[in-house]
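Have a look at the structure below, then the notes.
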2 protein chains.
Amino acid sequence: MNPLDATRGMMDGLGTEANVCVKCGSRSIGLCAPLDVAALDDMSGESERLSLDPRDAIFHQGDAARYVYTLTEGMARMTRVLPDGRQSVIGFRFAGDLLGFTPGAEHAFGAEMLTRGTVCRLDRRRLEQLFRRYPVLERRFLDLCVKELAASQDHILALGRFNAEERVAAFLVSLAEAQERRGRPGPVFDLPATRADIGEFLGLTLETVSRAISAFRKRNWIRLHGHSGIELTDRESLIGLGSGEGSCAA
Amino acid sequence: MNPLDATRGMMDGLGTEANVCVKCGSRSIGLCAPLDVAALDDMSGESERLSLDPRDAIFHQGDAARYVYTLTEGMARMTRVLPDGRQSVIGFRFAGDLLGFTPGAEHAFGAEMLTRGTVCRLDRRRLEQLFRRYPVLERRFLDLCVKELAASQDHILALGRFNAEERVAAFLVSLAEAQERRGRPGPVFDLPATRADIGEFLGLTLETVSRAISAFRKRNWIRLHGHSGIELTDRESLIGLGSGEGSCAA
DNA sequence: CGGACCCTTGACTAGTCTCAAGCTAGGTGG
DNA sequence: CCACCTAGCTTGAGACTAGTCAAGGGTCCG
């Protein structure tokens with residue numbers, strides 16, 4: 001398991017059930033999976049589908065948390081801003097992932113699209129009703145949440161203990177794994193996040209991310225295809241660097 | 001709200017109900033709070049109380065996750081180890097906090113006592129039964145988990161964007177708040193974590209932590225009382241430094 | 001084709017780590 | 001009760017990683 005796995009979506013590892021969310025029309029992996037058809041109908045009754053462009057906000061930090069979102073198409077980032085303007089990317093989300101679920105009154109972070117895409121939003125009070133009607137759904141959320149927590153702890157470990165190249169290597173590997181889990185096996189995959197996004201996620205500057213990527217390129221570990229395509233040509237080396245088997249060998 | 005709040009326990013902010021866990025004998029704030037007396041009886045029927053010394057492990061990373069623990073007395077740290085031996089403190093836990101809950105088969109991190117103390121452990125299969133019998137308990141866990149997740153994200157932000165003094169300031173303030181929430185209002189509070197523990201939590205070396213603490217002492221922001229007592233004499237300054245209102249003012 | 005945005009690379013700086021030495025507090029045993 | 005002993009803390013000097021500032025180049029879109 002990759003120690004830097006915060007690009008893992010909330011829906012990962014929850015089986016391959018592929019019930020179709022009536023309103024979204026997309027495979028709503030995970031969230032709806034344990035529900036029967038009546039429940040799905042119930043659920044999509046009040047959900048809305050929205051199309052978004054790159055850089056569009058799905059919701060802002062501090063917004064009233066009225067809705068819960070499912071990213072049905074595209075890739076998004078979650079960001080948190082400090083009072084002085086410094087900001088950090090908390091994580092990324094892919095098609096099929098859940099977004100913005102909180103028991104609090106406000107969203108603790110913002111979410112923006114990196115690519116063109118669509119989200120399906122469900123009123124939160126409606127979700128609470130669904131929890132009461134279908135208790136299994138609540139259990140699903142608990143499992144998701146604990147997995148997400150484990151991913152955050154991996155990220156904490158990476159931020160606290162990995163150097164720049166280790167962080168970038170771990171990020172690239174986890175990005176590749178995330179896309180493969182979502183059924184894109186090709187050797188070339190999408191990297192819609194800019195160097196600045198990656199840097200804000202990894203606690204680095206965009207220049208440092210760029211230098212790490214250039215170093216990998218020079219070692220023939222990766223190959224770039226245009227601005228948003230990347231291929232891992234020596235994944236073993238990247239995994240070795242990015243999984244904490246590095247310098248301080250025990 | 002302090003951005004570095006990963007010292008906030010899983011039980012925080014869940015009201016002040018103070019039902020007494022029959023077996024533990026301690027105020028089991030939070031977890032048992034929504035349950036009636038019959039449920040409490042039920043719950044404590046198979047729980048065991050253990051006394052532990054400083055440095056004793058509560059459980060190890062990789063152990064089968066047979067039990068869920070409540071720290072009833074003392075302070076503990078949660079640690080994660082990389083293949084090469086580098087380790088990181090993921091967070092701290094105080095009296096009243098929950099520890100080791102996971103839907104996975106193994107504990108993803110280890111937990112060790114920092115002080116002498118006691119834990120109350122409950123068989124996990126028993127907990128699953130309790131979830132079925134008292135659905136409100138499951139909701140409680142979900143709320144705890146989401147709060148914990150928010151705390152992790154704050155920690156990620158601090159690790160990615162704060163410099164050494166900002167991290168240490170944020171840590172000291174959150175430690176003070178955690179102890180006050182648990183009813184120790186005194187100006188002097190416990191700091192049972194060593195400089196090395198703090199450093200591993202904050203992604204710093206023990207020397208850097210020591211230098212930051214010395215700097216605060218010279219500015220009369222804090223006063224040390226022996227090896228494990230600390231007093232925040234100028235909390236405003238610490239909060240200012242530790243909440244991200246710093247250098248890069250917008 | 002033009003422009004905007006993003007990426008790359010270089011030179012220099014600053015912050016943190018590393019290594020090392022000495023100190024202090026608190027506990028232990030005589 | 002006191003001296004010793006150990007673990008943890010402090011401080012310093014130098015090395016090194018990553019940040020900052022700046023200039024130039026590539027890619028993609030309209």
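Atom set for the values below is all heavy atoms of this structure, side chains included, hydrogens, waters and symmetry mates excluded.
Residue A:Arg211 places a side-chain atom within donor-acceptor reach of the base of D:dT20, judged by atom type and a 3.5 Å distance cut-off alone. With hydrogens and angles ignored, no donor-acceptor pair closer than 3.5 Å exists between the side chain of A:Glu207 and the base of C:dC7.
Spacing between atom CD of B:Glu165 and atom P of C:dA14 amounts to 16 Å, rounded to whole angstrom units. Here the C1' atom of nucleotide D:dG26 and the CZ atom of A:Arg195 are 12 Å apart, to the nearest Å. Rounded to whole angstrom, the span from the CZ atom of A:Phe216 across to the C1' atom of C:dC7 amounts to 16 Å. With rounding to whole Å, B:Asp53 atom CG is found 14 Å from C:dG27 atom P. One atom, CG of B:Asp197, and another, P of D:dC9, lie 9 Å apart when rounded to the nearest Å. For B:Glu200 and C:dC17, the CD to C1' distance is 14 Å, given to the nearest whole Å. What separates NE2 of A:His227 from C1' of C:dC5 is a distance of 8 Å, to the nearest Å. Note: CZ (A:Arg116) to C1' (D:dC28) measures 14 Å, nearest angstrom.
Within 4.0 Å (heavy atoms only), A:Thr194 reaches sugar-phosphate atoms of the nucleic acid but no base atom. A:Leu206 comes within 4.0 angstrom of a nucleotide base, judged by non-hydrogen atoms across all strands. Note on A:Leu224: only backbone sugar-phosphate atoms sit closer than 4.0 angstrom, heavy atoms only; bases stay farther off. Across all strands, A:Gly229 comes closer than 4.0 Å to no nucleic acid atom at all (heavy-atom distances). Residue A:Ile213 is out of contact with every strand shown, counting any heavy-atom pair closer than 4.0 Å.
In this structure, B:Ser210 does not reach the D:dC9 phosphate: none of its side-chain N or O atoms is under 4.0 Å from OP1 or OP2. Distances shorter than 4.0 Å separate none of the side-chain N or O atoms of A:Thr208 from OP1 or OP2 on D:dT17. Under 4.0 angstrom from either OP1 or OP2 of D:dA18 there lies no side-chain N or O belonging to A:Thr205.
A donor atom on one side chain and an acceptor atom on the other are not found under 3.5 Å apart for A:Gln61 and A:His107.
Here the shortest heavy-atom pairing between B:Arg167 and B:Gly203 reads NH1-O, 3.5 Å.
Other residues, nucleotides and ligands contribute more than 12 heavy atoms inside 6.0 Å of the CZ atom of A:Arg219.
Taking the nucleotide of DNA chain C with the nearest heavy atom to each of A:Arg161 and A:Arg217, the more 5' of the two is matched to A:Arg217. Between B:Ala164 and B:His225, the one whose closest nucleotide on DNA chain C sits nearer the 5' end is B:Ala164.
Distance check: A:Arg49 CZ to A:Glu73 CD gives 6.5 Å after rounding to the nearest 0.5 Å.
Distance from the side chain of B:Leu204 is smallest to C:dC17 among D:dA7, D:dA18, C:dC17.
Relative to the six-membered ring of B:Phe92, B:Arg77 misses at least one condition, a distance below 6.0 Å or an angle of at most 45° to the axis.
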| said: I'd like to know whether B:Tyr69 forms a side-chain contact (heavy atoms from CB on, under 4.5 Å) with B:Phe101, so could you lay out the CA-CA distance, the side-chain angles of the two residues, the decisive distance to 0.1 Å, and finally the verdict. | reply: CA-CA 8 Å; B:Tyr69 302 82; B:Phe101 175 70; over 6 Å; no

